[in-house]
Peer 1: 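Please read through the structure below; I'll follow up with questions.
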Amino acid sequence: MSSTIAASLLAAKLSELGSEVEAADKAGSDWMHLDIMDGHFVPNLSFGPATVQALRGRTRKPLDVHLMISEPARYLSRFAEAGADRISWHIESEDRPASVLAAFKPYKKIKKGLAIKPATPLRRILGLLEKIDLALVMTVEPGFGGQKFMQEMMPKISALKALRKERGLKFLIEVDGGIDVHSAPLALDAGVDVMVAGTSIFAKANYKNAIQALRG
Ligand code: DX5
Ligand code: ZN
């Protein structure tokens with residue numbers, strides 16, 4: 001019940017993105033999730049900073065930007081200036097995490113997220129948990145909406161929850177990919193705080209009911 005829902009605009013009607021954001025806002029989505037793809041880190045292309053900036057004017061809800069791009073440190077300021085409230089980058093996209101963390105420095109108010117692909121073991125991010133506000137656990141291969149939820153990622157979520165407690169940290173745990181009425185309870189049981197949902201909201205006629213149904 002207390003989980004945050006982030007509507008993933010990738011599944012929205014792209015020719016009407018502005019009104020889709022307004023509709024998702026009105027329907028009760030807590031955050032707006034924007035998937036940024038560069039055709040290099042993932043085999044697909046999507047939005048850029050100009051889209052983030054354009055949508056910033058259509059809602060007051062937090063813009064949750066998910067970078068699926070190479071060289072995140074190079075582009076981070078563009079998304080920060082465009083009005084992102086949270087920016088997550090992929091651990092697999094950068095060999096020098098310190099360079100990305102440094103890029104966040106001028107933007108004190110922006111929450112720092114760190115995303116992890118399904119095949120990447122949790123140990124890759126264990127040394128960074130003290131430095132982030134959000135851990136984004138992918139439950140599909142990044143790049144496309146509408147894929148099947150990978151239940152086998154749930155141990156990553158429970159392990160993160162346990163580590164957070166052990167170390168006295170406060171980062172949020174977000175799950176992304178294949179969230180619907182069947183998978184949401186599994187993710188909630190594992191301990192997520194935030195659920196990204198694209199298809200299970202935007203493919204429905206009534207977004208409010210769809211969001212309500214995910215909350216359980
Ligand atoms: C996938 C994206 C997801 C995607 C989720 O690369 O990161 O945010 O839009 O879409 P659904 O909810 O349809 O799996
Ligand atoms: Zn995403």
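Ligands are counted one by one from 1 in listed order, and the atoms in each one are counted from 1 as well. Computation of the quantities below employed the complete heavy-atom set of this structure, encompassing side-chain atoms and omitting hydrogens, waters and symmetry-equivalent molecules.
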Peer 1: Can you see whether H66 engages D64 through a side-chain donor-acceptor pair at a distance of less than 3.5 angstrom?
Peer 2: no
Peer 1: Need the ligand 1 atom indices (1-based, order shown) with element for anything under 4.0 Å from a heavy-atom of G198.
Peer 2: 11 (P), 12 (O)
Peer 1: Starting from atom 11 (P) of ligand 1, locate the nearest protein heavy atom and write down its residue, its atom name and how far away it is, to 0.1 Å.
Peer 2: G146 N, 3.7 Å
Peer 1: Would you say K111 and L134 make side-chain contact, with heavy atoms under 4.5 Å?
Peer 2: no
Peer 1: Which of the N/O/S atoms in D176 sits closest to the Zn ion (ligand 2)?
Peer 2: OD2
Peer 1: What protein heavy atom sits nearest atom 5 (C) of ligand 1, and how far off is it?
Peer 2: D176 OD1, 3.6 Å
Peer 1: Give the atom numbers and elements of ligand 1 that come within less than 4.0 Å of a heavy atom of H66.
Peer 2: 7 (O)
Peer 1: Quick one: which ligand 1 atoms are inside 4.0 Å of a heavy atom on L10?
Peer 2: 9 (O)
Peer 1: For ligand 1, which atoms have a heavy atom of S8 less than 4.0 angstrom away?
Peer 2: 4 (C), 8 (O), 9 (O)
Peer 1: D35: which N/O/S atom is nearest the Zn ion (ligand 2)?
Peer 2: OD1
Peer 1: Nearest 0.5 Å please: distance from the OG atom of S29 over to the OH atom of Y207.
Peer 2: 11.5 Å
Peer 1: Considering only heavy atoms of H33, which atoms of ligand 1 have at least one such atom less than 4.0 Å away?
Peer 2: 8 (O)
Peer 1: Do side-chain atoms of S3 reach the backbone of D193 as a donor and acceptor pair under 3.5 angstrom?
Peer 2: no
Peer 1: Is E166 paired with R164 through a side-chain N to carboxylate O contact shorter than 4.0 Å?
Peer 2: no
Peer 1: Quick one: look up the protein heavy atom nearest atom 14 (O) of ligand 1 and list residue, atom name and how far away it is.
Peer 2: G178 N, 2.8 Å
Peer 1: Any Lys/Arg nitrogen of E22 or R58 sitting under 4.0 Å from an Asp/Glu carboxylate oxygen of the other?
Peer 2: yes
Peer 1: Quick one: do S200 and D180 satisfy side-chain hydrogen bond (donor to acceptor under 3.5 Å, both in side chains)? Show the steps, please.
Peer 2: CA-CA 5 Å; S200 65; D180 59 18; over 6 Å; no
Peer 1: Are the side chain of T139 and the backbone N or O of G177 linked by a donor-acceptor pair below 3.5 Å?
Peer 2: yes
Peer 1: With backbone taken as N, CA, C and O and side chain as the heavy atoms from C-beta onward, which portion of A197 lies under 4.0 Å from ligand 1: side chain, backbone, both, or neither?
Peer 2: backbone
Peer 1: Output yes when a side-chain donor or acceptor of R56 lies under 3.5 Å from a complementary backbone atom of G83, and no otherwise.
Peer 2: yes
Peer 1: Between E94 (side chain) and S70 (backbone), is there a donor-acceptor pair under 3.5 Å?
Peer 2: no
Peer 1: Give the atoms of ligand 1, by number and element, whose distance to some non-hydrogen atom of G145 is under 4.0 Å.
Peer 2: 10 (O), 13 (O)
Peer 1: Cation-pi between K112 and F171: NZ/CZ under 6.0 Å from ring centre and within 45° of the ring axis?
Peer 2: no
Peer 1: Closest N/O/S atom of H66 to the Zn ion (ligand 2), by atom name?
Peer 2: ND1
Peer 1: Which ligand 1 atoms are under 4.0 Å away from a heavy-atom of V196?
Peer 2: 8 (O)
Peer 1: Please could you name the atoms of ligand 1 that G177 approaches to less than 4.0 Å, counting only its heavy atoms?
Peer 2: 14 (O)
Peer 1: Contact between ligand 1 and G143 is defined here as a heavy atom of the residue under 4.0 Å from a ligand atom; is it met?
Peer 2: yes
Peer 1: Nearest protein heavy atom to atom 1 (C) of ligand 1, by residue and atom, and its distance?
Peer 2: F144 O, 3.5 Å
Peer 1: With respect to atom 4 (C) of ligand 1, which of V175, D35, L9, T199 exhibits the smallest heavy-atom separation?
Peer 2: D35
